Chemist: 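Please read through the structure below; I'll follow up with questions.
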Amino acid sequence: MAESVRVRFAPSPTGYLHVGGARSALFNYLFARRHNGTFILRIEDTDQTRFVEGALQEIYESLKWLGLQWDEGPQADGGCGPYIQSQRLHIYKEYSEKLLGSGHAYRCFCTPERITQLRAEQEKAKQPSGYDKKCRNLSDDEIAAHLASGTPFVVRLKIPSGRKVVFTDKIRGAIEYSSDVLDDLVLIKSDGYPTYHMANVVDDHLMNITHVLRGDEWIASTPRHVLLYEAFGWTPPEFAHLPIILSPDGGKLSKRKGAASVMDFKRGGFLPEALFNFLALLGWSPGDEREKMSLKELIDAFSLEKVSPKSAVFDEQKLEWMNGVYLAGKNSDALLDDCKDLWAERKIDVSGFSDDYLLSVITLMKVRSRRLTDIVDNSFYFFADPLSYDEKAAAKQFTSDAAFVLGVINDALAGTGSFTASEIETLFKTLAESRGVSTGKLIHPARLSISGVSAGPGLYEIMELIGKDSVIRRIENAITHIRSKESK
RNA sequence: GGUCCCAUCGUCUAGUGGUUAGGACACAGGAUUUUCAUUCCUGCAACAGGGGUUCAAUUCCCCUUGGGACUACCA
């Protein structure tokens, strides 16, 4: 039996979770689920200088919001922990000593200044840059002397010369490097922390990772990793490098060019399932023409072979469209809490209204919204009388004739018993017929009077929901408004 | 500079050694609708360029061009 699939998402807690990172996590998740495998979260916090307060919490929150719950990782021990690299320092130390002992690695006592200068010279001479192996063949005495005097050192891997390093990328096929273009990379920094390369290889091995699915910026590091696995005598996992996500102008996606973090999308009124679905389709497709796909469908259809090697531009318009599709199809109840938060955020006081009333508003609005924020931004008239009227619409609809018609409508409304949408519709149609005009002649001024705007849900539904008293009051206000304008 | 990766409508993509190169978003028209939105119909729009291989290349190979990544004691 084949060993079970174990994959990991390994973010660095240096800031918010970017959609590119989220997409990597999502592919790992889908791959794990597809193969009944294990999705592991590992935190790569081996750079003390880049620690960002709160980043870890945001990463957890973002992943959970998107539905990417990890099977193993922080808060979910699976026997391979700890899953936070800063808590595994002793492990990296132990393994680097093995390499030192076996002659695959060496201590380098060069100062950072010398390395910087070396690189500057190499760049100036347009030579390939890289460490010049100065400390590679230090004598035992020299090493002992440095150690005795407490000279800071790093541990470097000895890259063999003249070797072809070949690995198979599941998405691109064979990729070949000459070991001669690789320099002796640092494994352990002078502060005792491991570099990404060291921690990544050791942990992937110790955590029995079978497939490494990560961003394609790691392709160039992979041959070094392969050599490191070799130095340890370990079999490397399978590799698949995922294409990066670009912003519409072709560059990297960044906060400046709109939303970039997962939480920005939450704040922007997107549904997690819509973002999930959209992200899944960025760089991958099921091979047929399906686009809106449930989680189960995505899992069933997912395969690495279908992942494109080409980087993709993040098209927020298409995300909006997809969000609108999900929004329209979602139960209003499931939207209520989020809408309440959004209303509160916008200082729209809905506390005087029942949940049933709010649910009706959501039901009416969601089908014509693309984001959750559209629902709350365009529903103010359900909670308060309009204070002004859309200028363009008013110019067209609020004529003296309309004032008269509105008066007639109000008289008729005052006499109605049940104030339901269908009753109101009958009333409007009868009224229009008796006056020999189209219902539009009544509806447009009435809509503007009641909502202050010219677009929105069906007028009769709005009227039924806000109720007879409010409707009549608003129409009266509008009549007064028109008359006062005329008298000027 | 060096190494590596990538290349189908504006965008996301399907696709095959022989197809009218398909779908979706966006955009433009039109129909339906009390408005908006939905829905429906129609339109616009792509195989980067040049060489090969082949009876036949969008598809396979090479080059060019363009884009990107890496080239840290960052990940």
Side-chain angles (χ1 to χ4, degrees), chain A residues 10-14 44-47 49-50 108 110-112 115-116 119 122-131 152-156 169 171-172 175-178 180-183 185-197 199-200 214-223 241 243-244 246 248 250-252 278 281-292 306 308-322 324 328 365-370 374 378 393 425 428-429 432 438-444 446-448 451 453-460:
Chain A
S12 191
T14 53
E44 311 227 326
D45 58 343
T46 55
D47 186 354
T49 64
R50 295 210 305 168
C108 167
C110 292
T111 62
I115 302 295
T116 306
R119 188 164 52 240
Q122 287 165 335
E123 268 169 31
K124 200 176 167 192
K126 301 210 173 201
Q127 292 295 308
S129 58
Y131 179 61
F153 65 89
V154 300
V155 176
R156 288 182 186 272
D169 181 283
I171 295 169
R172 279 156 257 265
I175 296 177
E176 181 181 311
Y177 279 81
S178 162
D180 295 333
V181 304
L182 274 20
D183 67 348
L185 64 147
V186 173
L187 262 19
I188 302 289
K189 302 180 242 183
S190 56
D191 63 3
Y193 277 66
T195 58
Y196 166 81
H197 306 290
N200 168 72
R214 80 236 289 192
D216 69 8
E217 68 269 27
W218 295 108
I219 290 179
S221 297
T222 306
H241 291 92
I244 57 165
L246 270 27
K252 268 192 168 176
F278 177 77
L281 259 21
L282 218 50
W284 174 83
S285 85
D288 51 42
E289 284 167 357
R290 285 179 294 171
E291 294 218 297
K292 188 184 182 223
K306 285 280 178 192
S308 164
K310 189 188 153 192
S311 54
V313 173
F314 191 94
D315 182 0
E316 192 163 321
Q317 272 194 317
K318 187 154 185 177
L319 204 213
E320 276 199 327
W321 161 78
M322 186 165 276
M365 296 302 295
K366 70 182 178 187
V367 294
R368 66 200 76 235
S369 298
R370 313 199 100 186
D374 292 338
N378 300 317
E425 177 170 5
F428 267 67
K429 290 216 163 125
S438 68
T439 26
K441 284 279 181 211
L442 311 183
I443 284 169
H444 296 308
R447 172 186 292 283
L448 191 59
S451 74
V453 292
S454 58
L459 178 63
Y460 311 132

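The structure presented is a predicted model; accordingly, all values stated were derived computationally and were not measured. Values reported hereafter were calculated over all heavy atoms of this structure, with side chains retained and with hydrogens, waters and symmetry mates removed. Chain letters run A, B, ... following the sequence lines, proteins first, then strands; residues in each count from 1.
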Chemist: Over how many whole Å does the gap from A:Arg370 atom CZ to B:rU38 atom C1' extend?
Modeler: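 Value for this atom pair: 11 Å.
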
Chemist: When the P atoms of B:rC5 and B:rC44 are compared, how many Å lie between them, rounded to an integer?
Modeler: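 Per the computed distance, 39 Å lies between those P atoms.
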
Chemist: Do the side chain of A:Arg447 and the base of B:rU34 come within less than 3.5 angstrom through a donor-acceptor pair of N or O atoms?
Modeler: yes

Chemist: Classify the nucleic acid contact of A:Gly287 as base, sugar-phosphate or nothing, counting any heavy atom under 4.0 Å across all strands shown.
Modeler: sugar-phosphate

Chemist: Report the nucleotide, chosen from B:rU35, B:rA69, B:rG23, that has the shortest atom-to-atom distance to any side-chain atom of A:Glu217.
Modeler: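 In terms of side-chain proximity for A:Glu217, the closest of B:rU35, B:rA69, B:rG23 is B:rA69.
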
Chemist: Is it true that A:Arg172 and A:His241 share a donor-acceptor pair across their side chains at a distance under 3.5 Å?
Modeler: no

Chemist: Please work out if A:Lys124 contacts a base, only the sugar-phosphate, or nothing of the nucleic acid, heavy-atom cut-off 4.0 Å.
Modeler: nothing

Chemist: Using whole Å, report how far CD of A:Glu44 lies from P of B:rC74.
Modeler: 13 Å

Chemist: I want to confirm an ordering. Mapping A:Gly456 and A:Ser178 to their closest nucleotides on RNA chain B, which one lands closer to the 5' end?
Modeler: A:Ser178

Chemist: Counting the atoms with a prime plus P, OP1 and OP2 as sugar-phosphate, which does A:Phe278 contact under 4.0 Å by heavy atoms, base, sugar-phosphate, or nothing?
Modeler: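 If one applies the 4.0 Å heavy-atom cut-off, A:Phe278 turns out to touch nothing in the nucleic acid.
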
Chemist: Looking at A:Lys318 and B:rA24, is any side-chain donor or acceptor paired with a base atom of the opposite kind under 3.5 Å?
Modeler: yes

Chemist: At under 4.0 Å between heavy atoms, what does A:Val154 touch on the DNA or RNA strands: base, sugar-phosphate, or nothing?
Modeler: base

Chemist: Pick the P atom in B:rG50 and in B:rU65, then give their distance to the nearest Å.
Modeler: 15 Å

Chemist: For B:rG18 and B:rG67, measure between their P atoms and round to the nearest Å.
Modeler: 32 Å

Chemist: Just how far, in rounded Å, is C1' of B:rC27 from CH2 of A:Trp321?
Modeler: 16 Å

Chemist: Using the C1' atom as the reference point in each nucleotide, state the distance between B:rC9 and B:rA46 in Å, no decimals.
Modeler: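 Result for the C1' pair: 4 Å, nearest Å.
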
Chemist: Assess whether one donor atom and one acceptor atom, taken from the side chain of A:Arg172 and the base of B:rC5, lie less than 3.5 Å apart.
Modeler: no

Chemist: Using a heavy-atom cut-off of 4.0 Å across all strands, would you classify A:Pro13 as base, sugar-phosphate, or nothing?
Modeler: nothing

Chemist: Would you kindly give the CG-to-C1' distance between A:Leu282 and B:rC25, to the nearest whole Å?
Modeler: 12 Å

Chemist: With distance as the sole criterion, is a donor-acceptor pair present between the side chains of A:Ser221 and A:Arg214 under 3.5 Å?
Modeler: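 Their side chains do not contain a donor-acceptor pair, so the 3.5 Å distance test is not met.
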
Chemist: Starting from C1' on B:rU34, measure out to NE2 on A:His444 and report it in whole angstrom.
Modeler: 5 Å

Chemist: State which of B:rC25, B:rA75, B:rG1 makes the closest approach to the side chain of A:Asp315.
Modeler: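 Selected nucleotide (nearest to the side chain): B:rC25.
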
Chemist: Identify whether any heavy atom of A:Gly283 sits under 4.0 Å from a base atom; if not, whether one sits that close to sugar-phosphate; answer base, sugar-phosphate or nothing.
Modeler: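 If one applies the 4.0 Å heavy-atom cut-off, A:Gly283 turns out to touch the sugar-phosphate alone, with no base involved.
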
Chemist: With a 4.5 Å limit on heavy-atom distance, are the side chains of A:Thr195 and A:Ile188 in contact?
Modeler: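 No, their side chains stay 4.5 Å or more apart.
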
Chemist: Should the pair A:Asp315-A:Lys318 be classified as a salt bridge under the 4.0 Å nitrogen-to-oxygen rule?
Modeler: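 Looking at A:Asp315 and A:Lys318, the cut-off is not met.
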
Chemist: Distance check, P atoms only: B:rU38 and B:rA24, in whole angstrom units.
Modeler: 15 Å

Chemist: Assign A:Leu442 to base, sugar-phosphate, or nothing according to its heavy-atom contacts below 4.0 angstrom with the strands shown.
Modeler: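 The answer is nothing, as A:Leu442 stays clear of every strand by at least 4.0 Å.
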
Chemist: Could you state the CG-P distance from A:Leu281 to B:rC12, rounded to the nearest angstrom?
Modeler: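 Atom-to-atom, A:Leu281 to B:rC12, this comes out as 12 Å.
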
Chemist: Answer with base, sugar-phosphate or nothing: what part of the nucleic acid does A:Pro309 contact at a heavy-atom distance below 4.0 Å?
Modeler: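 It contacts sugar-phosphate atoms only.
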
Chemist: Provide the distance between the two P atoms, one in B:rC6 and one in B:rG10, to the nearest whole Å.
Modeler: 23 Å

Chemist: Within less than 4.0 Å of OP1 or OP2 of B:rU11, is there a side-chain N or O belonging to A:Lys310?
Modeler: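 Checking A:Lys310 against B:rU11: no side-chain N or O falls below 4.0 Å of OP1 or OP2.
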
Chemist: Can you say whether the rings of A:Trp218 and A:Tyr196 are parallel (under 30°), tilted (30 to 60°) or perpendicular (over 60°)?
Modeler: parallel

Chemist: Does B:rC25 have a Watson-Crick or wobble mate here (both distances under 3.5 Å), and if so which one?
Modeler: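 Pairing partner: B:rG10.
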
Chemist: Starting from C1' on B:rA72, measure out to CG on A:Leu182 and report it in whole angstrom.
Modeler: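 Those two atoms, CG and C1', are 15 Å apart.
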
Chemist: Would you find more than 12 non-hydrogen atoms of other residues, nucleotides or ligands less than 6.0 Å from A:Lys189 atom NZ?
Modeler: yes

Chemist: Check the distance between B:rU35's P and A:Met365's CE and give it to me in whole angstrom.
Modeler: 17 Å

Chemist: Heavy atoms from C-beta onward define the side chain here; which of B:rU35, B:rU11, B:rC5 lies closest to that of A:Ile219?
Modeler: B:rC5

Chemist: Under 4.0 Å between a side-chain N/O of A:Ser285 and OP1 or OP2 of B:rA14, yes or no?
Modeler: yes

Chemist: Identify whether any heavy atom of A:Ala455 sits under 4.0 Å from a base atom; if not, whether one sits that close to sugar-phosphate; answer base, sugar-phosphate or nothing.
Modeler: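 Counting heavy atoms under 4.0 Å across all strands, the contact made by A:Ala455 includes a base.
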
Chemist: For A:Pro457, report the nucleic acid contact type (base, sugar-phosphate, nothing); a contact means any heavy atom under 4.0 Å.
Modeler: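 Base contact.
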
Chemist: Using heavy atoms to find the nearest nucleotide of RNA chain B for A:Gln127 and A:Ile443 separately, return the residue whose nucleotide is more 5′.
Modeler: A:Gln127

Chemist: For the P atoms, the ones on B:rG30 and on B:rG22, what distance do you get once it is rounded to whole angstrom?
Modeler: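 Straight-line distance between the two P atoms is 25 Å.
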
Chemist: If we take the C1' atom in both B:rG66 and B:rC25, what is their distance in whole Å?
Modeler: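 One C1' to the other, the span is 25 Å.
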
